[in-house]
Amino acid sequence: MRAHTEKRLVFWLFLAPALFAFVMVILVPFGLGVWYSFTNWSSSPRTGAGIAFVGLDNFVRSFRDPSFLYSFTITTAYTIVNVALVNVVAFALALLVTSAIRFRNFYRAGFFVPNLIGGLILGYIWQFIFNNAIPSLGELLGIAAWSEPANLLLARSPTALLAIVIAGTWQYAGYIMVIYVAALENVPVELHEAAQIDGASPWQRLRAVTLPMVSQAFTITLFLTLVNSFKQFDTNTSLTNGGPSAMFMGKPIFGTELLAMNIYNTAFISNDLAMGQARAVIFFLVIALISTAQVRANKKREVEL
Amino acid sequence: MKKTYTVLATLALVAMLMLGCKAAPATLTLAQGKPEIDAMLKAYAAAWGEANGIEVTIKSIGGSSNISLGQQLKADYAAGDMPDIFGINGPEDYKEWQAIVADLSAEKWVAKTSVAFTYEGKVYGFPVAVEGWGMAYNKDLLDKAGIDPATLNSFGAYEAAFAKLDGMKAELGVDSVVSMAAAADMGWVTAHHNFNSLLSNGLPYGDTSVADALLAGEVDATRLAEYADWVELLFKYADQKVLTTGNYDSQVGAFATGKAVFLHQGNWTDPNMAQANATFAMGFAPHGSMKAATDGIFVSAPSFYVVNSESKNKKAALKFLEDLAMTEAGAKYMVQEAGMIPAFSGISLNPAGQLSKSVQEWSAAGKVYSWNQYLFSGDFRDKTLAPIYNQFANGAIDKAKFVELLTDAFVSRK
């Protein structure tokens, strides 16, 4: 009996520091955040603005705000395109660097390097490429259309969104590639040999052997890309900063303001911290729901050897 | 045994450090939003701090980084770490912090300035400097084209001048007539500075009647139509690439390198001109947002230092501001080091930049119009107006729609 108590005491003592940190930096701020989303909190001593409970007002107003609905729509579109593109590119790169080409270790390192550049800096680099490098190249090659101001990717909101996808893919594909490489190298060679003897073409082998065998990797990569796309903020800020504008529900609004940026702008440009917090809560629920659904769906397809 | 000593020694050291912190010398924190004067202000503050036995910390937020001073202050306030002196831009900011802004009416420097921030008859803000904007022009190019900048003071004059210059682009070696920016991050050029033409051009200094009417949702259609003509003219003769996708550097760069005749910016671009080795003669002409002649440019203090009334270091903060305005060292820092136009009388130094000199001349002649854009909230300017200008600049909407959207925005402003 005594040994048991001592064991439990030791258990909790060792757990205490980590638990304390977790409670203080995760649970308490999270709980506070949820509470603030039901108030009119503003974090400034504006006269006559004490904290008051306002119920669901912030949530209702959020769903009536065209800019929030628009951000939701384009973030979904962005996520779909970005998840698809990052994974296709990453998988293709992984196949490339696990095949028998020369300098494959060099390529592996090369494709991974963009991931080491911070998203903010990367956005500025790509802004320069889209706004200056491509037009200059067009002038050099005599292709006038490339330097036409109206044709610049960042001049129209749908193409500007695509520009964020391109910059995001360039950054993230190398990282996802590494996960695929690890998975591809774990596919037993015998399976491929057996299929080859049975007369399977390379395409059939990819579909019937490789893909099912790396489905575990898909669970991880899809989760990572999905969550990352939804949370896109830094490249968004530095590359487009929400622009150019677009019309939505009869109102001119920022055309590439993804959800994270919309939350930020609501809190800090509109000075409506409580409403920003409410949107962050909605944001959290959506990400949690979608990513749980995705992991479940992917788990079902995993193959155990 | 040895271990016990180590532990004891460590504990003692930690305790000493903690005590040391408590016995630290007096401190003063100033948070301001002009990163371009960061180094100079820090040097001045260090020298002042040494002389007064106070450790001064300067936090500069804004400019190229994506967080503004207002955002940082909110975070600081939430963290209970509010600076002793901080910058505000105008009435909207003041209302945000009203409860902790100290009344400075009794300070000595108040008598020496006409641009202090006042609210309901009391002085609350120390003017950081005087700034101004109009249409910055390249005098060399205008001379070549045979245009006298003194004649540029109405919409008609600009319309004729722009058309003439546009026809001489190859001759003058320019890409465009005017360097204007209207991209999403350049909303402060359109929805703050240019917007102010609508609010105060041609009105007596301090007259807020147009802004007040718009705030009440009453739109003067004639004034707005004339203003829309002006915006259209600027957008039409701008380099489209700079206009729709350019940033501050590309906008100012086009003018500094002689690739544009006009620049829609203020005298804060002087350091950029020096960096780009721009040697041509330049100055400011009034905006042409009205058919009638408007003889003046927009001049005011861009930001004000306010003192945190809850601060323990209030005395030091007041002395810091007083010395900045009243001592020779303060004047030297403001004018010679930071290159700003001082907001106080009794300072005989002059800034070196040509555009700053031009602002000083307009100001000395009394030909100035006020900055009324701060009467509108940042939210309204940045999130409602900026996209409307951007739509117009992109060619997504025409002038009639532009006027309609602006009118809607004023009428439905919450």
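Only heavy atoms go into these numbers, but all of them, side chains included; no hydrogens, no water, no symmetry mates. Throughout, a chain's letter reflects where its sequence line sits, starting with A, and its residues are numbered from 1.
Across all their heavy atoms, B:Lys74 and A:Leu273 have their closest contact at CD-CD1, 3.6 Å. The two atoms that bring A:Ile269 and B:Gln71 nearest to each other are CG1-NE2, 4.4 Å, heavy atoms only.
With a 4.5 angstrom heavy-atom cutoff, A:Leu154 touches chain B via backbone and side-chain atoms both. B:Thr245 touches chain A through backbone and side chain together, each having a heavy atom under 4.5 Å away. Residue A:Thr256 does not touch chain B at all, counting heavy-atom pairs closer than 4.5 Å. When heavy atoms are compared at a cutoff of 4.5 Å, B:Asp408 does not approach chain A at all. With a 4.5 angstrom heavy-atom cutoff, B:Ala396 does not touch chain A via any of its atoms. Neither the backbone nor the side chain of A:Glu148 comes within less than 4.5 Å of any heavy atom in chain B.
The number of heavy atoms from other shown groups lying within 6.0 Å of NZ (B:Lys169) is above 12. Within 6.0 Å of CZ on A:Phe53 lie more than 12 heavy atoms contributed by other residues, nucleotides or ligands. For B:Lys312, the NZ atom sits in a loose shell: 12 or fewer heavy atoms of surrounding residues, nucleotides or ligands are nearer than 6.0 Å. Around atom NZ of B:Lys236, no more than 12 heavy atoms belonging to other residues, nucleotides or ligands sit under 6.0 Å away. Within 6.0 Å of CZ on A:Phe230 lie more than 12 heavy atoms contributed by other residues, nucleotides or ligands.
Here the CG-CD1 distance, from B:Asn390 to A:Ile253, works out to 12.0 Å after rounding to the nearest 0.5 Å. Taking CZ of A:Phe254 as the start and CG of B:Asp382 as the end, the distance is 6.5 Å to the nearest 0.5 Å.
Remark: B:His193 pairs with B:Trp133, B:Trp188, B:Trp268 by the ring-ring contact (aromatic ring centres under 6.0 Å, His included) rule, at least two apart or across chains. Applying the side chain to side chain contact (heavy atoms under 4.5 Å, CB included) test to A:Pro252 and every residue at least two apart in sequence or in another chain returns A:Met247, B:Pro387, B:Ile388, B:Gln391, B:Leu405.
Between the side chains of B:Lys383 and A:Ser67, no donor-acceptor pair is found at a separation under 3.5 Å.
Residues A:Asn131 and B:Lys241 have side chains not in contact (no heavy-atom distance under 4.5 Å, counting atoms from C-beta outward).
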